[in-house]
Student: 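The structure follows.
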Amino acid sequence: MNIFEIEKLPDIKENEIIDILKENENIKIERIISTGQISNWMVQEKKEYVVLVQGTAIIEFNDKKVEMKAGDTLFIDKMIRHRVAYTSQNPYCIWFCIHF
């Protein structure tokens with residue numbers, strides 16, 4: 001798989017594309033394509049390491065907002081309330097996420 005190859009891009013308007021690259025009881029690795037979508041508030045039971053490969057985004061926490069650009073990484077500890085508050089449409093966002 002090439003992380004930049006997107007087959008379904010013309011079809012996504014409302015939902016992100018989530019490709020699970022590897023998953024077992026200890027880890028989940030995924031590629032996510034966002035084209036302007038935002039998320040609800042979430043609290044995850046696992047830690048998450050995020051790489052924004054392409055695009056720009058804002059991750060919002062209770063007390064701060066983190067602006068991200070291509071190449072930026074972010075570690076989100078488990079049980080930390082957060083949400084995706086913004087994702088760019090052009091260029092669209094490519095995320096590489098590891099939940100562990």
Side-chain angles (χ1 to χ4, degrees):
M1 166 186 210
N2 182 308
I3 202 158
F4 291 103
E5 289 180 7
I6 313 298
E7 294 178 16
K8 302 178 247 182
L9 186 61
D11 298 335
I12 62 172
K13 300 273 191 261
E14 295 178 24
N15 298 316
E16 298 173 310
I17 295 174
I18 300 173
D19 294 315
I20 297 175
L21 307 177
K22 177 71 176 176
E23 183 174 27
N24 62 37
E25 64 277 354
N26 299 316
I27 193 166
K28 178 168 66 171
I29 302 171
E30 54 190 8
R31 178 189 69 171
I32 301 172
I33 308 300
S34 305
T35 59
Q37 293 86 358
I38 60 172
S39 73
N40 294 323
W41 286 99
M42 59 188 124
V43 176
Q44 300 173 149
E45 293 186 14
K46 292 189 175 187
K47 299 173 188 176
E48 182 177 8
Y49 182 73
V50 177
V51 179
L52 185 59
V53 177
Q54 177 178 289
T56 58
I58 298 173
I59 307 296
E60 185 175 2
F61 297 89
N62 284 338
D63 59 346
K64 67 180 177 178
K65 292 182 181 181
V66 177
E67 295 184 18
M68 299 183 71
K69 63 184 182 313
D72 287 346
T73 65
L74 182 65
F75 175 78
I76 303 170
D77 211 347
K78 64 182 175 180
M79 306 310 291
I80 299 296
R81 185 175 185 257
H82 67 285
R83 74 183 192 106
V84 179
Y86 168 81
T87 60
S88 61
Q89 293 180 325
N90 188 16
Y92 54 86
C93 291
I94 300 176
W95 304 87
F96 183 75
C97 305
I98 302 170
H99 303 263
F100 59 101

Student: If you compare all heavy atoms of Phe100 against all heavy atoms of Phe75, which two are closest, and at what distance to 0.1 Å?
Tutor: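 Result for this residue pair: CZ-CE1, 3.7 Å.
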Student: Show, in sequence, the C-alpha distance, side-chain angles and deciding distance for Ile76 and Lys47, and conclude whether the side chain to side chain contact (heavy atoms under 4.5 Å, CB included) test is met.
Tutor: CA-CA 6 Å; Ile76 303 170; Lys47 299 173 188 176; over 6 Å; no
Student: Among Lys28, Glu23, Glu30, which residue satisfies the side-chain hydrogen bond (donor to acceptor under 3.5 Å, both in side chains) criterion with His99?
Tutor: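 Running side-chain hydrogen bond (donor to acceptor under 3.5 Å, both in side chains) over Lys28, Glu23, Glu30 with His99 returns exactly one hit, Glu30.
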Student: If the condition is side chain to side chain donor-acceptor pair (under 3.5 Å), which residues does Gln54 pass it with, not counting sequence neighbours?
Tutor: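 Gln54 satisfies side chain to side chain donor-acceptor pair (under 3.5 Å) with no residue once adjacent residues are dropped.
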Student: Quick check for you: to the nearest 0.5 Å, what is the distance between Leu74 atom CG and Leu52 atom CG?
Tutor: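 These two atoms lie 10.0 Å from each other.
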Student: Is there a donor-acceptor pair under 3.5 Å between the side chain of Ser39 and the backbone N or O of Val84?
Tutor: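 Yes, the answer is positive, given that a donor and an acceptor are paired below the 3.5 Å cut-off.
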Student: Quick one: closest heavy-atom pair of Ile59 and Met68, and the distance?
Tutor: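 It is CG1-SD, 3.8 Å.
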Student: Ile58: which other cluster members, linking ILVMFWY side chains closer than 4.5 Å, directly or transitively?
Tutor: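 Members other than Ile58 - counting any ILVMFWY side chain reachable under 4.5 Å - are Tyr86.
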Student: If two hydrophobic side chains count as joined below 4.5 Å and joins carry through other members, does Ile38 share a cluster with Ile18?
Tutor: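 No, no single cluster joins them.
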Student: What pair of heavy atoms forms the shortest contact from Cys93 to Thr56, and how long is it?
Tutor: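 Reported closest heavy-atom pair: SG-O, 3.1 Å.
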Student: Is any side-chain heavy atom of Cys97 less than 4.5 Å from a side-chain heavy atom of Ile29?
Tutor: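 Side-chain contact under 4.5 Å: no.
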Student: Per the salt bridge (charged side-chain N to carboxylate O under 4.0 Å, His left out) rule, what does the pair list look like for residues 91-100, sequence neighbours excluded?
Tutor: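 Sorted result for residues 91-100: empty, none.
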Student: Looking only at heavy atoms, what is the nearest atom pair of Val53 and Ala70, with distance?
Tutor: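 Smallest heavy-atom distance, with atoms named: O-CB, 3.5 Å.
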Student: Are side-chain heavy atoms of Ile94 and Ile3 found at a separation under 4.5 Å?
Tutor: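 With C-beta onward as the side chain, the pair touches.
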Student: Do Trp41 and Asn62 have side chains that get closer than 4.5 Å, going by heavy atoms?
Tutor: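 Trp41 reaches Asn62 side chain to side chain.
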Student: When you group the ILVMFWY residues by side-chain heavy-atom contacts below 4.5 Å and let the links chain together, are Phe4 and Leu21 in the same group?
Tutor: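 The answer is yes; both residues are in one hydrophobic cluster.
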Student: Any chain of hydrophobic side-chain contacts (each under 4.5 Å) joining Ile80 to Val50?
Tutor: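 Looking at the clustering, Val50 is in the same group as Ile80.
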Student: If you look at every heavy atom in Tyr49 and Val51, which pair is closest and at what distance?
Tutor: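 Of all heavy-atom pairs spanning Tyr49 and Val51, the closest is CE2-CG2, 3.7 Å.
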Student: Between Tyr92 and Ser34, which heavy-atom pair has the shortest distance, and what is it?
Tutor: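 Scanning both residues completely, I find the closest heavy atoms to be CB-O, 3.3 Å.
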Student: Can you run down the salt bridge (charged side-chain N to carboxylate O under 4.0 Å, His left out) pairs that involve residues 55-84, sequence neighbours left out, and say none if there aren't any?
Tutor: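 Residue pairs passing salt bridge (charged side-chain N to carboxylate O under 4.0 Å, His left out), neighbours aside: Glu60-Arg83, Lys69-Asp72.
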Student: Carefully, step by step, assess Glu48 and Met42 under the rule side chain to side chain contact (heavy atoms under 4.5 Å, CB included).
Tutor: CA-CA 12 Å; Glu48 182 177 8; Met42 59 188 124; 5.9 Å; no
Student: How would you list, by chain and number, every residue that makes a salt bridge (charged side-chain N to carboxylate O under 4.0 Å, His left out) with Lys46, sequence neighbours excluded?
Tutor: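 Scan of Lys46 (salt bridge (charged side-chain N to carboxylate O under 4.0 Å, His left out), adjacent residues dropped) gives none.
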Student: Which pairs count as salt bridge (charged side-chain N to carboxylate O under 4.0 Å, His left out) when at least one residue sits in residues 85-100, sequence neighbours excluded?
Tutor: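 Listed by first then second residue: nothing to list.
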